[in-house]
Participant: 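Here it is, the structure in full.
Just so it is clear, the model here is predicted, and its values are computed rather than measured. Note that the numbering runs from 1 along the sequence shown for the chain.
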Amino acid sequence: MNFIDLDIKKEYRSFRNDIVKEFYIPLLNLSSKYQRAVGFFSSSALIEISKGITGLINNGGTVQLIASPKLSEEDVEAIGKGISLRDEIIEKRITESITQPQNYYEEERLNLLVNLIAKGILEIKIAVVENNNSLGMFHEKLGLLYDDDGNIIAFSGSMNESTNAFMHNYESFDVFKSWEYDRDRVGIKKSAFEAMWNNIEPNIKVLDFPEASKKKL
């Protein structure tokens, strides 16, 4: 079984669709790789994606996640005064964003993902926008899923990877399939993600996940 066997919609909207159950879980269960670039890092996002990640693990798959730290205006101003402060401030904000799980199920799922990081299955990178000596926010919302038969699903839209995005916000995203007329669009999305991941996209600085944050997890 692969992606072609699934009934995949061209668009998903919260409140019309159960995005986790209808999209994430069935696709992740058939995936060998998941690439995601999102606006903000949240430990709740790690907990949510774990709902469908077991199938990907059983497939020997990997996850590559690019996210942006949630920086205050004071953070941005401080970084602007001295670029050497950038990594220090980003590390502090990422570490602060890692909160304690609220119940047993969140704790178990977060433990799963911590183990994925330790085993190299889940890799996280942090992105910021640097342009003309100023700092901007990374608001990309792009995802790619790969199955073992070479089929690729690309999706992009308004949704971040967080509990609020999955369960409470009004969000939507469009879906593109490599085996249909969307092949070129999928290729464009794939190239964009790989340029960001490899830190060659102009004006976007992609950093490794801070060691202090890994220790807190």
Participant: Which heavy atom of Gly150 sits nearest to which heavy atom of Ser178, and what is that distance?
Facilitator: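 Closest approach of Gly150 to Ser178, heavy atoms only: O-OG, 4.3 Å.
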
Participant: Hey, quick one: are Val114 and Ile124 part of the same hydrophobic cluster, counting side-chain heavy atoms closer than 4.5 Å, chains of contacts allowed?
Facilitator: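 Both belong to a single hydrophobic cluster.
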
Participant: If we only count heavy atoms from C-beta on, is the Leu65 to Val38 side-chain gap below 4.5 Å?
Facilitator: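 The answer is yes, as the side chains (C-beta and beyond) meet within the 4.5 Å cut-off.
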
Participant: Mark yes or no for whether Lys177, through its side chain, and Ile8, through its backbone, hold a donor-acceptor pair below 3.5 Å.
Facilitator: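 Yes; at least one donor-acceptor contact below 3.5 Å.
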
Participant: Any pair with a residue in residues 198-209 that passes salt bridge (charged side-chain N to carboxylate O under 4.0 Å, His left out), sequence neighbours left out, goes on the list, sorted by first then second residue, please.
Facilitator: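 Counting only pairs at least two positions apart or across chains, no salt bridge (charged side-chain N to carboxylate O under 4.0 Å, His left out) contact touches residues 198-209.
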
Participant: Without swapping roles, check the side chain of Lys189 against the backbone of Leu142 for a donor-acceptor pair under 3.5 Å.
Facilitator: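 No; zero donor-acceptor contacts below 3.5 Å.
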
Participant: Are the side chains of Leu27 and Tyr34 in contact, using a 4.5 Å heavy-atom criterion?
Facilitator: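 Not in contact.
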
Participant: For Lys119, does the NZ atom sit with more than 12 other heavy atoms under 6.0 Å from it, leaving out its own atoms?
Facilitator: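 Open.
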
Participant: Per the side-chain contact (heavy atoms from CB on, under 4.5 Å) rule, which among Tyr12, Phe23, Phe176 passes with Phe155?
Facilitator: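 Only one option passes, and that is Phe23.
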
Participant: Looking at Ala127 and Ile204, what are the two nearest heavy atoms and their distance?
Facilitator: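 For Ala127 and Ile204, the tightest heavy-atom pair comes out as CB-CG2, 4.2 Å.
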
Participant: Give a yes or no on whether Lys92 atom NZ has more than 12 heavy-atom contacts from other residues, nucleotides or ligands under 6.0 Å away.
Facilitator: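 For Lys92, atom NZ is not crowded (no more than 12 foreign heavy atoms under 6.0 Å).
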
Participant: State, with a plain yes or no, whether a side-chain heavy atom of Glu123 is found less than 4.5 Å away from one of Thr62.
Facilitator: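 With C-beta onward as the side chain, the pair stays apart.
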
Participant: I would like to know whether Trp197 and Ile66 meet side-chain contact (heavy atoms from CB on, under 4.5 Å); could you show each step before the answer?
Facilitator: CA-CA 7 Å; Trp197 185 260; Ile66 304 173; 3.5 Å; yes

Participant: Could you check if a side-chain atom of Lys10 sits within less than 4.5 angstrom of a side-chain atom of Val175, using non-hydrogen atoms only?
Facilitator: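 Side-chain contact under 4.5 Å: no.
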
Participant: If I take atom OH from residue Tyr24 and atom CG from residue Asn29, how far apart are they, to the nearest 0.5 angstrom?
Facilitator: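 Here the rounded value is 14.0 Å.
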
Participant: Within the structure provided, determine whether Ile153 and Asn151 are in side-chain contact (heavy-atom separation under 4.5 Å).
Facilitator: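 No, too far: nothing below the 4.5 Å cut-off.
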
Participant: Among all residues two or more places apart in sequence or in another chain, which pass the salt bridge (Lys or Arg N to Asp or Glu O under 4.0 Å) test with Lys9?
Facilitator: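 Partners of Lys9 by the salt bridge (Lys or Arg N to Asp or Glu O under 4.0 Å) criterion, ordered by chain and then number, come out as Glu22.
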
Participant: CD/Gln102 to CD/Glu107 distance, rounded to the nearest 0.5 angstrom?
Facilitator: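 Spacing of CD (Gln102) from CD (Glu107) equals 11.0 Å.
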
Participant: Starting from Met1, can I reach Ile53 by hopping between I/L/V/M/F/W/Y residues whose side chains sit under 4.5 Å apart?
Facilitator: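 Ile53 clusters together with Met1.
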
Participant: Can you name the nearest heavy-atom pair linking Arg13 to Ile19, along with the distance?
Facilitator: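 Nearest heavy atoms, Arg13 then Ile19: C-CD1, 4.2 Å.
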
Participant: Taking Asn59 for the side chain and Ser31 for the main chain, is one N or O donor matched with an acceptor at less than 3.5 Å?
Facilitator: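 Checked: pair present.
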
Participant: Got a donor-acceptor contact below 3.5 angstrom from the Asn2 side chain to the Ile4 backbone?
Facilitator: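 Side chain of Asn2 to backbone of Ile4, a donor-acceptor pair under 3.5 Å: yes, one is there.
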
Participant: Hey, what do you get for CD1 (Ile57) to CG (Leu116), rounding to the nearest 0.5 Å?
Facilitator: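 Between Ile57 CD1 and Leu116 CG, I get 4.5 Å after rounding to 0.5 Å.
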
Participant: Between the main-chain N or O of Asp149 and the side-chain N or O of Asp147, is there a donor-acceptor pair closer than 3.5 Å?
Facilitator: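 Pair found, side chain donor or acceptor close to backbone of Asp149.
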
Participant: Starting at CZ of Phe209, measure out to NZ of Lys125 and round the result to the nearest 0.5 Å.
Facilitator: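 Nearest 0.5 Å value for the CZ-NZ distance: 13.5 Å.
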
Participant: Any idea which heavy atoms bring Val206 and Met196 closest together, and the distance?
Facilitator: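 Result for this residue pair: CG2-O, 3.0 Å.
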
